[in-house]
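Scope of the values below: all heavy atoms of this structure, side chains included, with no hydrogens, waters or symmetry mates.
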Amino acid sequence: MKRLRDAFGAHRAIEIVEEDGVRVLQIGGNAIQSAMRLDAPDRIELDYVRAMMGFLLFRPKPREVLMIGLGGGSLARFIHQKMPGTRVCVVEIDSGVLTVARKYFHFPEEDARLEIVIGDGAEVVPRRPSSCDVLVVDGFVNGSPAQDLCTQSFYNAAFAALRSGGVMVANFMADDKRIETYCRRIEKSFGHRPTLVLAEEEDNFITFALRGGPPRIAWAELKARARVAEALFGLPLGDCLESLRRHNSHTSHYLEL
């Protein structure tokens with residue numbers, strides 16, 4: 001293992017290490033926040049980040065994506081590179097994380113389609129009603145979701161930040177005993193249970209909550225959208241379909257939302 005940097009951002013320790021051709025970002029502990037394969041920097045390396053791109057199954061062509069938590073920036077960078085019709089705004093609480101993402105993880109400078117806000121996502125989201133088609137919530141502190149991003153008031157604000165038919169994507173650790181509490185809060189804010197996907201390595205549960213939209217989606221439509229994502233972006237979203245069946249209400253023809 002090769003350590004590239006030990007540093008302290010405004011809020012927590014930042015460490016970058018390399019092993020077996022993969023550069024890894026760790027913030028405030030041993031949990032991996034981001035990873036980049038050095039010989040394929042444009043691909044999404046982590047399974048849970050690929051699963052978060054599952055929002056394309058529910059909102060295939062978003063115009064605006066608002067993200068809470070940057071990490072190494074792999075998700076924001078992927079959208080910025082691969083989806084030219086989409087504008088991305090990333091809210092990151094620690095400017096040191098942004099510095100590291102640009103220096104070590106190829107994260108680009110701002111332009112007309114990429115905005116960076118240094119601030120607390122729990123404060124920024126309520127100030128942006130009806131501003132996005134996808135809201136990605138991936139803010140962690142010492143390996144656990146930031147608690148101010150899991151409150152009832154935050155989920156109310158998240159619902160308000162989405163346009164009609166928009167989707168919130170939130171990342172949780174699979175062994176977090178509070179997941180059911182978070183899902184109940186999301187259900188109260190959005191009016192229905194979130195849809196769950198267990199990421200490939202089974203360490204992360206990804207939740208999807210839609211503002212409005214249909215009460216169900218045909219499996220045939222989800223398969224078609226997964227094929228498009230594979231063809232356009234190289235994303236194996238077809239792998240999410242079995243997890244959608246396993247963890248959510250459904251019939252032989254429809255996924256219930």
Are Arg63 and Arg87 side-chain neighbours, meaning at least one heavy-atom pair lies under 4.5 Å?
no
Would you check if Pro41 and Arg23 make a side-chain contact, meaning some heavy-atom pair closer than 4.5 Å?
no
Linking I/L/V/M/F/W/Y whenever their side-chain heavy atoms sit closer than 4.5 Å, directly or via other members, would Met53 and Leu255 fall into one cluster?
yes
Donor-acceptor contact present, side-chain Arg163 to main-chain Ser131, <3.5 Å
yes
Pair Arg193, Glu180 - check salt bridge (charged side-chain N to carboxylate O under 4.0 Å, His left out), show working.
CA-CA 10 Å; Arg193 290 279 294 180; Glu180 186 57 35; 2.9 Å; yes
When rounded to the nearest 0.5 angstrom, what is the spacing between CD in Gln26 and CD1 in Ile14?
12.0 Å
Check side chain to side chain contact (heavy atoms under 4.5 Å, CB included) between Pro126 and all other residues, then give those that pass, not counting sequence neighbours.
Ala157
Kindly work out whether a path of hydrophobic side-chain contacts (I/L/V/M/F/W/Y, heavy atoms less than 4.5 Å apart) joins Val136 to Ile179.
no
Would you mind telling me which of Tyr155, Phe172, Phe154 makes a ring pair (Phe, Tyr, Trp, His ring centres under 6.0 Å) with Tyr182?
Phe172
Determine, for Phe107 and Arg77, whether the Lys NZ or Arg CZ falls below 6.0 Å from the six-membered ring centre while staying within 45 degrees of the axis.
no
Could you tell me if the side chain of Ile116 sits less than 4.5 Å from the side chain of Leu114, heavy atoms only?
yes
Do Arg59 side-chain atoms and Gly165 backbone N/O form a donor-acceptor pair below 3.5 Å?
yes
To the nearest 0.5 Å, what is the distance between CE on Met168 and CZ on Arg211?
13.0 Å
With a 4.5 Å heavy-atom cut-off, do Pro236 and Glu200 have their side chains touching?
no
Can you list everything that forms a ring-ring contact (aromatic ring centres under 6.0 Å, His included) with Phe55? Sequence neighbours excluded, please.
none
Please check if the distance between the ring centroids of Phe190 and Phe159 is under 6.0 Å.
yes
Are Leu210 and Leu162 packed together at the side-chain level, in the sense that at least one heavy-atom pair is separated by less than 4.5 angstrom?
no
Step by step, would you call Glu92 with Arg102 a salt bridge (charged side-chain N to carboxylate O under 4.0 Å, His left out)?
CA-CA 13 Å; Glu92 169 56 50; Arg102 284 179 171 154; over 6 Å; no
Within the 4.5 Å heavy-atom criterion, are Met36 and Arg43 side-chain neighbours or not?
no
A side-chain contact here means heavy atoms from C-beta on lying under 4.5 Å apart; do Phe205 and Asp176 qualify?
no
Can you run down the side-chain hydrogen bond (donor to acceptor under 3.5 Å, both in side chains) pairs that involve residues 247-257, sequence neighbours left out, and say none if there aren't any?
none
Gap between atom CD1 of Ile186 and atom CG of Asn156 - 0.5 Å precision
11.5 Å
Donor-acceptor contact below 3.5 Å, side chain Thr195 vs main chain Leu257:
no
How close do His80 and Pro108 get, heavy atom to heavy atom, and via which atoms?
ND1-CG, 4.1 Å
If you define the side chain from C-beta out and look only at heavy atoms, does anything of Ser74 sit under 4.5 Å from Glu45?
no
Could you grab the distance from atom CZ of Phe105 to atom CG of Leu25, nearest 0.5 Å is fine?
4.5 Å
Pairwise distance CG(Leu38) to CD(Glu18) - rounded to 0.5 angstrom
5.0 Å
Just by modelled atom types, is the Tyr48 backbone N or O under 3.5 Å from a matching donor or acceptor in the Asn204 side chain?
no
Closest non-hydrogen contact found for Ala229 with Leu56 is CB-CD1, 4.4 Å
Once you round to the nearest 0.5 Å, how far does CZ of Arg128 lie from CG of Leu66?
6.0 Å
Quick check: is Leu235 connected to Leu46 through a chain of hydrophobic side chains (ILVMFWY, heavy atoms under 4.5 Å apart)?
yes
Does Ile93 offer a backbone N or O that forms a donor-acceptor pair with the side chain of Asp120 under 3.5 Å?
no
